[in-house]
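Lettering of chains follows the sequences in order, A, B, ..., and the numbering in each one begins at 1.
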2 protein chains.
Amino acid sequence: MKFVVDQQVEDIEMPENLKLNTFLQEFHSDCPHPECSFGFYGFAFGQSPFPVPKLIQDALIKNADKGEYAAVPGIPELRSAISKYNKHYFGMDVAPERIYVGPGTKELIFNLLEILHGTVILPTPAWLGYLPQIRFLKKNYHMLPTRANKKISPNDLRKLALRLQDRQKILILNNPNNPTGLLYDELELEEIADVCKEQNITVISDEIYALTTYNFSKFVSMGKIYPEGTFVTNGLSKSHAAGGYRLGYVIFPQHAIDLRRQFKKILATEYTAVSTPIQHAAVAGFEISSEIDEYFVVTRNIHQIMGEYTYHRLIAIDGVKATRPDATFYLLADFNSFTIDLQKMNIDTSQKLSESLILHPYHTAIVGGDSLVLERTDFSARIAYVDYDGATVYRNYLKNKPVSSSEKTEFVKNNAPKIVAGLDMIADFFVNIKKDNLLKSESVKSSMVSPN
Amino acid sequence: MKFVVDQQVEDIEMPENLKLNTFLQEFHSDCPHPECSFGFYGFAFGQSPFPVPKLIQDALIKNADKGEYAAVPGIPELRSAISKYNKHYFGMDVAPERIYVGPGTKELIFNLLEILHGTVILPTPAWLGYLPQIRFLKKNYHMLPTRANKKISPNDLRKLALRLQDRQKILILNNPNNPTGLLYDELELEEIADVCKEQNITVISDEIYALTTYNFSKFVSMGKIYPEGTFVTNGLSKSHAAGGYRLGYVIFPQHAIDLRRQFKKILATEYTAVSTPIQHAAVAGFEISSEIDEYFVVTRNIHQIMGEYTYHRLIAIDGVKATRPDATFYLLADFNSFTIDLQKMNIDTSQKLSESLILHPYHTAIVGGDSLVLERTDFSARIAYVDYDGATVYRNYLKNKPVSSSEKTEFVKNNAPKIVAGLDMIADFFVNIKKDNLLKSESVKSSMVSPN
């Protein structure tokens, strides 16, 4: 039997992280070199390496008997805990009724895009998850390339908004940002919010990395600055290292009461509610406790140490630029100064760069530029610095906190040897490309001057 | 700020079970009668009352530490367990690659309707979840009213298919059926499958109640009869009383390899994967064990005892008809012989019948006909017989299994007093309606013969 698939399904691509996963699996089983048996240096996957906080695990254990369906927007205890969490960490007064829980912020953002009419404005580079959703939903959208500092320019946003016909425009703001690791500070957010108010732009502010902000006092939620027009999404996946639990939440803008009713309908139509035991477990993750607080502090300190090492190692490679992360466990590396050298090696797209780096002898997995909604020929890449054993590193950090910068370098070398070796591989790759091209051109030259 | 909502969102209605829930909550807090404090007789909610099998709870407890993202189609152990489960219980050879796991069969059916082009054929009465999905996705659809026996007529299906222009047609088959509790036997399925083959109809066979079939040897999966054109969905929600866990699966038709690739893309785009600890817990639910097997036998025996009592009590009310359930924990009651009496009381829709029954002194919650995709004036209703304490009743059943029909009646009276009292309330309601109308017409008559 032949099946007919809706056209928009055919049109979207597999999210790149999944394509890469497939590629890595195939590569791994095919590689004939004995050195391949270790796997690869993993800079591609955006997953926190730490164990789920014990409080959350214990709460899940205690609530394994909860087999009944939960209320569509989330169980009252959870919405109440999230409300207090927002007050405590973000200084926001959010009534529990404004909070809806879903099976991951990915699905909640999808649901928002389903119900909100209008044109989507997607700043680039961007997390690899937004664009397939926008395309699948056949929404109008426009890219908003960020400036050299990798941040949205309020003026560019205004200019774009003025060009758009739709009476409703939706800006997807991802702060702290994946892939750059950068944080928008309060002033920057205010400038963006001013344009949004002026141009009637709705904001979906994906703040899933909020609590990974290294200097946490600098984090400000867009929901605080522009409460009447912002949907804030957050969840357990990054700050609580529980991406696999699948629990996120969205805070609705003030006064959007009818919209909440519409949203509830859609959740009920699509998935009823989030897993009840998981919701009970999440309560422990959002309740204020010294245990969770310590967890946030320790994990973000470790992310910062790994991030600083990664940043400095990359920019030490001649010709490489990178963002210096304020949060998350990523940075954006820029290899565009090698464009001509790469092209000479027939590496003319970022996809080919990723493929070349994964092959022997480099074994290094990165997420290339086209997966970040950049041009296919843009040799930028997201570098995730999480390839270490989180449980062990967490313990080692507590035993002996590195303070000086040399202690921190030692900490990385002792605790994350694969990050160290993988970055060396990236360095070797680009050094070798230069060298090979030099040899080639010399042999061309020598063949030109040769008498035969 | 005003938000613009997409039109198809405005157009769909809240699934009726949720509307009823809201109504019940309001009714409950508003009722001034002291007798209301007990709540109400619950024939509306379709939730198994039994505890989640201990094996599953234990597996969830053991896997609370699984914070990492799972593979999109499901973890390999789970797909393999589901494959063996299908072999053991349904005699089906299904390779694990044909099985995709999702956060409930509701979402999987939604995802199938998202990717499959074509016109949907919806037999009625139907579960209240399908129609909002079909409407939200703006799919073409046609109702297929069942015949007097409340089953699809293959001839009617053929006639409808011949009228439809779409090259792909999708029949939603729900077997065993919610709301009727009826089972299609092998011969009936073969006749339907013959029309499907002839007319090129794809089937989504929602078999979530399969393992509640009272005489289980009679259950046959459509996936066995029409493997090349059937998507079978099933999960933990009904047979394992774990609706709140949110885990379902779909078996793809044989040879639909490209379609699986497309489906995976959509799952990755919308929700990544099902909660990892929940997936590990589900493995224990699908693995073959004497414990789970006993659980299926005990729970379906209890459902049957409650169902038989409910059926006999309802048809003992003069003028009431009902389906006699073969499976599930529902039956369809037919109160249409009271249409004229109801209309005289200004009850002219099934919605108003539900509202009248919930009010004092009846306090009885049912799901009315328009929630089952019947005409608003069709006084049919789904009666769920699950309003009892499942854990206690399970233990009582094991202690002293009722065998004779009088023992079974005693069992219901001792273990499910709210079902007994609620059915009496339904009987009183209809007896009183007849009586009140009689009194009214007599007073009209007497006023007509009165000299003044």
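The contact between B/Ile115 and chain A is made by backbone and side chain atoms together, counting heavy-atom distances below 4.5 Å. Interface remark: A/Ile278 contributes side-chain atoms only to the contact with chain B (heavy atom separation under 4.5 Å). Looking at B/Ile12, both its backbone and its side chain come within 4.5 Å of chain A, counting heavy atoms on both sides. Heavy-atom distances place both the backbone and the side chain of B/Asn200 under 4.5 Å from chain A. A/Lys62 does not touch chain B: none of its heavy atoms, backbone or side chain, sits under 4.5 Å away. Interface residue A/Glu114: backbone and side-chain heavy atoms are both found under 4.5 Å from chain B. Using a 4.5 Å cut-off between heavy atoms, B/Leu259 contacts chain A through its side chain alone, with no backbone atom that close. Only the side chain of B/Pro253 comes within less than 4.5 Å of a heavy atom in chain A; its backbone stays farther off. With a 4.5 angstrom heavy-atom cutoff, A/Ile201 touches chain B only via backbone atoms. Only the side chain of A/Arg167 comes within contact range of chain B, judged by heavy atoms closer than 4.5 Å. B/Tyr69 touches chain A through backbone and side chain together, each having a heavy atom under 4.5 Å away. Neither the backbone nor the side chain of B/Gln254 comes within less than 4.5 Å of any heavy atom in chain A. For B/Phe136, the part sitting under 4.5 Å from any heavy atom of chain A is the side chain, from C-beta outward, and nothing else.
Taking both residues in full, the closest heavy atoms of A/Ala64 and B/Tyr245 are given as O-OH, 2.6 Å, listed atom of the first, atom of the second, then distance. Here the shortest heavy-atom pairing between A/Pro51 and A/Ala241 reads O-CB, 4.2 Å. Contact record, A/Gly46 with A/Phe329: C-CE1, 3.7 Å, taken as the closest heavy-atom pair. Taking each heavy atom of A/Tyr394 and A/Tyr295 in turn, the nearest pair found is OH-CA, 3.3 Å.
Environment of NZ in A/Lys197: crowded, with over 12 heavy atoms of neighbouring residues, nucleotides or ligands closer than 6.0 Å.
Contacts with chain B were tallied for A/Val9, A/Thr105, A/Thr276; A/Val9 has the most, counting heavy-atom pairs under 4.5 Å. Put simply, of B/Pro49, B/Ala242, B/Gly243, the one with the most heavy-atom pairs under 4.5 Å next to chain A is B/Gly243. Contact count versus chain A (heavy atoms, under 4.5 Å) is highest, among B/Ile61, B/Asp58, B/Asp166, B/Asp258, for B/Ile61. Contact count against chain B (heavy-atom pairs under 4.5 Å) is highest for A/Glu228 among A/Gln279, A/His255, A/Glu228. Note: A/Gln47 leads A/Lys2, A/Gln133, A/Gln47 in heavy-atom pairs under 4.5 Å with chain B. Ranked by heavy-atom pairs under 4.5 Å with chain A, the list B/Ala256, B/Pro103, B/Ala273, B/Ser237 is led by B/Ala273. Ranked by non-hydrogen atom pairs under 4.5 Å with chain B, the options A/Pro277, A/Gly229, A/Ala59 are led by A/Pro277. Comparing A/Ile109, A/Thr272, A/Val274 by how many heavy-atom pairs each has under 4.5 Å with chain B, the most go to A/Thr272.
Between A/Phe263 and A/Leu116, every side-chain heavy-atom pair lies at or beyond the 4.5 Å cut-off.
Using a distance-only test at 3.5 Å, with no hydrogens or angles considered, no donor-acceptor pair links the side chain of A/Glu107 to the main chain of B/Tyr271. Listed for the B/Gln57 side chain is a donor-acceptor partner under 3.5 Å among the backbone atoms of B/Val52. A distance-only check finds a donor-acceptor pair linking the side chain of A/Asp389 to the backbone of A/Thr392 [under 3.5 Å].
A donor and an acceptor atom, one from each side chain of A/Asp206 and A/Tyr130, are located under 3.5 Å apart. For the residue pair A/Lys265/A/Gln262, the side-chain donor-acceptor check at 3.5 Å is satisfied.
Here the two rings, on A/Phe3 and B/Phe231, have centers that are under 6.0 Å apart.
Of the candidates B/Leu113, B/Thr202, B/Ile204, B/Val120 forms a side chain to side chain contact (heavy atoms under 4.5 Å, CB included) with just one, namely B/Leu113.
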